[in-house]
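Let me begin by presenting the structure, written as C-alpha cells, before commenting on it.
Order of appearance sets the numbers: ligands from 1, and atoms from 1 within every ligand.
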Amino acid sequence: MSDQKTHKTIGVLTSGGDCAGLNAVIRAVVHRAIEGYGWRVLGINDGTHGLMASPPRFEELSLRLFTGNILRLGGTILGTTNKGDPFDFPMPDGSRKDRSAEFAAGFKELGLDGLIGIGGDGSLDILSRLTKLAGIDFIGVPKTIDNDVPLTEFAVGFSTAVNTAVEALDRLQPTAASHERVMILEVMGRDAGHIALNAGIGGGADVILIPEIPYRIEPIAAKIKTLHDQGRDHALVVCSEAAHPANGKKVMSESSDGKKHYGGIGHELGEQITQATGAETRVTVLGHIQRGGTPSSHDRIIASAFGVRAVDLLAKGESARMVAWQHRQVVDLPLDEVTSRIRNVDVTDTLVQTARGLGISLGD
Ligand code: F6P
C-alpha cells in the first residue's frame, strides 16, 4: 500500500480498434489504483463516446469484477470505437460538429481527477488534444496489433496478432505441401509491415511483402523457381494488407459509411504469381481473427506493466505522457513526441536483415 492516499477518482477507456490484452491493462489499472492508492476507478464505455454522452456512460470498476478470467479475455469489457473524432464528429444530418467540449463536460460531470486512455496512434493523438484543451491529467497506453506507435518496441495486442498469423502459417504449410501450391496469407497492419515481417520469419515464409518495400513479381517468381529447383513444390507467402507493387497502388475499398479499408492485395498477388510461374495459388485473408482471441503471455505481461506505470504516473501528478516499452523495461515519454506519426518497419532493421539472411524474398 502506498502512503499517498488522496482518494482520487480516475477514468479508464479503450479507444480505436480492439485487440487482445486490453482487459489485462484495465485489470492492472484497477488493481494498482484501488489496492495501491485507495482510489475509485470508473470505466468509460465506448471510448470518447462514453464521455460525450449525456449522461456519460460508465461503470464503476471494483475488484469484485476482476475474479480471475478478465486477464485472459480478448476484446475490451468497456467497448471501444474507431469512428467519430470528437473534433469532427459526423452528425445524423450529414454535417460535422466539434464535440470536444462535451467530452470535457462528461469528464467534469463524473468528478474525475485523471484519465488513462488505451489507444493506437490515431486515438492517442485525439485523446492528447482533447485532454490538453480541457486541462485533464492524461496518461496514454499504446495498443495496436499494427505495432506502429512510435518510441515503443511493443504495443499491446501485437504479440497475439503475430502468434495468430504464425499459427495460420503452421496450418497452411501442410496443405500447401500436400497440394504443391503457393499459399498466400494476407495479414493486417495498415501502413506498417511489422505483423507480416515477424509472422513471416516465425512461420517459415518463403516470401514476405511489406508496404515499406514495394515489390516486383520477378524476384518472387525467381524465389519460387529456386525452391522448385531445390525439390520443393510448395511455398508460403505472407503479405501485408498495404503491400503494393513498385509500379502500383495499395489496394483499398470503401464501405457505405465512407470508411476506407485495406484488403485485397493477396488475391491480386495470387493471380500475378500464377501468371508468372504457372503455380497453383490459394489466398487466405486472416482479417479480424488477428484482433481477437486470448492474449499471449507477452501481451499480458506488457499490458500489466503499462497499467501499473500509468496509475503511478497519475499518482505522481504527471500528465500528457505515454508509457512505452524500451530495452526490456517500461518507460514513459511526452505524448507530443509520439503522436501524429507512425513507426514503420525500418528497412535496415535487424529483422529485415534476418529475413534476407534466411533467403526469404522481400520482393525487391
Ligand atoms: O489498426 C488495427 C487494424 O486492425 C488494422 O490492421 C486494419 O487495417 C484496421 O484496423 C481494420 O479496421 P476495422 O476494424 O475498422 O475494419
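Between Ile265 and Lys250, the closest side-chain pair of non-hydrogen atoms is not below 4.5 Å.
Protein residues are said to neighbour a ligand when one of their heavy atoms lies under 4.0 Å from it; for ligand 1 these are Asn82, Ile145, Asp146, Met188, Gly189, Arg190, Glu241, Lys259, His261, His288, Arg291.
The pair Asp332-Lys316 fails the salt-bridge criterion, with no side-chain N (NZ, NE, NH1 or NH2) lying under 4.0 Å from an Asp/Glu carboxylate O.
Checked against the 6.0 Å centroid threshold, His49 and Phe89 count as a close aromatic pair.
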Check your understanding: Going through the checks in order, is the side chain to side chain contact (heavy atoms under 4.5 Å, CB included) test met by Leu51 and Leu110?
Key -> CA-CA 9 Å; Leu51 279 183; Leu110 294 184; 3.8 Å; yes

**Study point:** Stepwise side chain to side chain contact (heavy atoms under 4.5 Å, CB included) test for Thr152 and Phe306
**Key:** CA-CA 11 Å; Thr152 184; Phe306 282 170; 4.1 Å; yes

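Between the NE2 atom of His234 and the NE2 atom of His179 there is a distance of 12.5 Å, given to the nearest 0.5 Å.
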